[in-house]
Number of protein chains: 4
Amino acid sequence: MSGSVNKVILVGNLGRDPETRRLNSGEPVVNLRIATSETWRDKASGERRERTEWHNVVIFNENLARVAEQYLKKGSKVYIEGQLQTRKWQDKDGQERYTTEVVLQRFRGELTILDSRNGGGDLAGEEEGGSLGYSGGRGGDFGRSSPMERRPAAASGGSKFPNDLDDDIPF
Amino acid sequence: MSGSVNKVILVGNLGRDPETRRLNSGEPVVNLRIATSETWRDKASGERRERTEWHNVVIFNENLARVAEQYLKKGSKVYIEGQLQTRKWQDKDGQERYTTEVVLQRFRGELTILDSRNGGGDLAGEEEGGSLGYSGGRGGDFGRSSPMERRPAAASGGSKFPNDLDDDIPF
Amino acid sequence: MSGSVNKVILVGNLGRDPETRRLNSGEPVVNLRIATSETWRDKASGERRERTEWHNVVIFNENLARVAEQYLKKGSKVYIEGQLQTRKWQDKDGQERYTTEVVLQRFRGELTILDSRNGGGDLAGEEEGGSLGYSGGRGGDFGRSSPMERRPAAASGGSKFPNDLDDDIPF
Amino acid sequence: MSGSVNKVILVGNLGRDPETRRLNSGEPVVNLRIATSETWRDKASGERRERTEWHNVVIFNENLARVAEQYLKKGSKVYIEGQLQTRKWQDKDGQERYTTEVVLQRFRGELTILDSRNGGGDLAGEEEGGSLGYSGGRGGDFGRSSPMERRPAAASGGSKFPNDLDDDIPF
DNA sequence: TTTT
DNA sequence: TTTT
């Protein structure tokens, strides 16, 4: 139906390096494995307990896929915004299986890096923050500005990024 | 890890009536099946297309479970806020399977009814709005007010609700 | 700084019809006045109380501005996603004043109509749902589809909308 | 009206140390000044530009106020979830003025610390992560656990926190 | 006033 | 498999 919203917001850490596949068109599709966890004190035992949840994130958004591919690695902390999608597949025995993923579709979703130490080579020397952000949209659409618009198209991590990216991705 | 966020926001319609189980303690646990969908025009064919996503929602939050049980039915439109959880189970062949659900834990999550016509008998006569909302927390904690607090505990659908609920649930 | 998020999510009703200004370029900028409210029972007095909050929403996103202009009116219920922005202005005495608004920037933000009865003439005959949604992005960017993308660009309210809009806006 | 949602999500940095007032009851109310910003490349000039937005956050949630008071300081990066509230006040000339704030009401809202270096004395020696999180609710309500509940009450930053807090606040 |  |  229309009139619906399907949104997932995660802040967590990558359990492993991003994995990149490529479409026939050459566009990257990046898979992330992200952990979120909660800890609490068990009142009965007085012990501290923890529950970790693992999320499969799939990035079709081309700009965000490139950011993920280049600046994220195992351990990176990120803010992710995508949508829930469950897809059906067949296991080796031909049985139907379902997998639910957090998907950042083309031109949609958000990815913001919340640390810098994991931000890849260019940022390795950063003293601390150095994070980098970009929120959806299409790089090429932006850049014009007027007082009425009162806003930038995307966030930036400074001038430390390679130029080829700098042209394609608006940060 | 701490420093993490795991949040799902859905606005969609129930595909069937809520299903209620009860814990040994007597507390209700309500399962919802919620559809969200997107429609778009295919540029190539010019045809309108639609994709519907189905979500399994599990409500452990006692107050919200009671609201769901009593006021939601097939077709109801709701705003839901919960967290992603994947649980492992075994199918009849003993194989490990995984199911991902949107969970509203005890004292957590949000549920707001966005229509009234589907809101069940008590609301059937509503002219239009008449929806009903409640956001997390514990009923018994609220009710005191002071200028400094500047806020109510929860939203309401009017005075049409049964009194036993009215005492337990802050709406 | 990068690594930041500024997001507002509202579900509420329009307190008056949308107001449209036009940029020199002819693009519409739409202002909405949206009410959200919470009701609760005061434990001390036993009385039901309510607090309504009014929000100023400014839509620079061209597609969403057009949707708002054409399909929203006083009383409409909407889901809105934008960002907080505070702007300085001078009152008639030359004093600095500040106003905080929820802004949907160009190519950003989301707007989903959650009722149909308020959705204007075309939807008046709808049996019930019939709402209409569109989420950010740029219409012209969408329309190609491939199995890998697995998603539509935007939501729709059916085939009842005027064709000129139908070409510009992806619903 | 009911059926409404009023939610703000911020990830940003504190521009100054938290400021604490106390209610007559002794409960702390903490004010934060949080910056979010976006940077983008101006297509016309080729220059990098930035826009910073400042947010006033007011924490009435007692547990979160204590966390903020003790572990946040100027420069800390946080995830905040609250609601928009505009309050009227009178300036020194008796004129009506309005201020819009992001408010975490009693038993509501979320606060998650996204860095540790700013986490205060106990965390000062932390090598890196060490963040700390807690999401709404009432400490005293949690701690019981059962398989059906499948969730913890709150997140934790380890065993480094003073015990008096450890009893009151579930982390 | 933060952060990069 | 992350993080603390």
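The figures that follow rest on heavy atoms only: side chains count, while hydrogens, waters and symmetry mates do not.
Between D:D17 atom CG and E:dT1 atom P the separation is 14 Å, expressed in whole Å. In this entry the distance linking CG of D:L32 with P of E:dT2 reads 15 Å, nearest Å. Rounded to whole angstrom, the span from the CD1 atom of A:I34 across to the C1' atom of F:dT4 amounts to 17 Å. Rounded to an integer number of Å, the gap from CD1 of D:I80 to C1' of E:dT2 is 14 Å. In this structure, the CD atom of D:E19 is 14 Å from the P atom of E:dT1, given to the nearest Å. Distance A:N13 CG to F:dT1 C1': 11 Å, rounded to the nearest Å. If you take CG of A:L14 and P of F:dT3, they are 10 Å apart, rounded to a whole angstrom. Between A:R51 atom CZ and F:dT4 atom C1' the separation is 18 Å, expressed in whole Å.
For the residue pair D:N56 and D:R33, a side-chain donor N or O sits within less than 3.5 Å of a side-chain acceptor on the partner. Side chain to side chain, B:T86 and B:T100 meet the donor-acceptor criterion of an N or O pair below 3.5 Å.
Under the side chain to side chain contact (heavy atoms under 4.5 Å, CB included) criterion, A:T20 pairs with A:R22, A:P28, A:V30, A:E69, sequence neighbours left out. With sequence neighbours excluded, the residues forming a side chain to side chain contact (heavy atoms under 4.5 Å, CB included) with D:R97 are C:Q95, C:R97, D:W89, D:D91, listed by chain and number.
Residue side chain D:W54 meets the stacking definition with respect to E:dT1: its ring centre sits within less than 5.5 angstrom of the base's six-membered ring centre, and the planes differ by less than 30 degrees.
Counting only heavy atoms from C-beta on, A:R33 has its side chain closest to F:dT1 among F:dT3, E:dT3, F:dT1. Taking only side-chain atoms of D:E50, from C-beta outward, the nucleotide of E:dT4, E:dT1, F:dT1 with the closest atom is E:dT4. Counting only heavy atoms from C-beta on, A:A35 has its side chain closest to F:dT2 among E:dT1, F:dT2, F:dT1. Considering only side-chain atoms of A:R16, the nucleotide from F:dT1, E:dT3, F:dT4 that sits closest is F:dT1.
Counting only distance, with no hydrogens or angles, the side chain of D:D115 and the backbone of D:K77 share a donor-acceptor pair below 3.5 Å.
A donor N or O paired with an acceptor N or O is not found under 3.5 Å between the base of F:dT2 and the side-chain atoms of A:S76.
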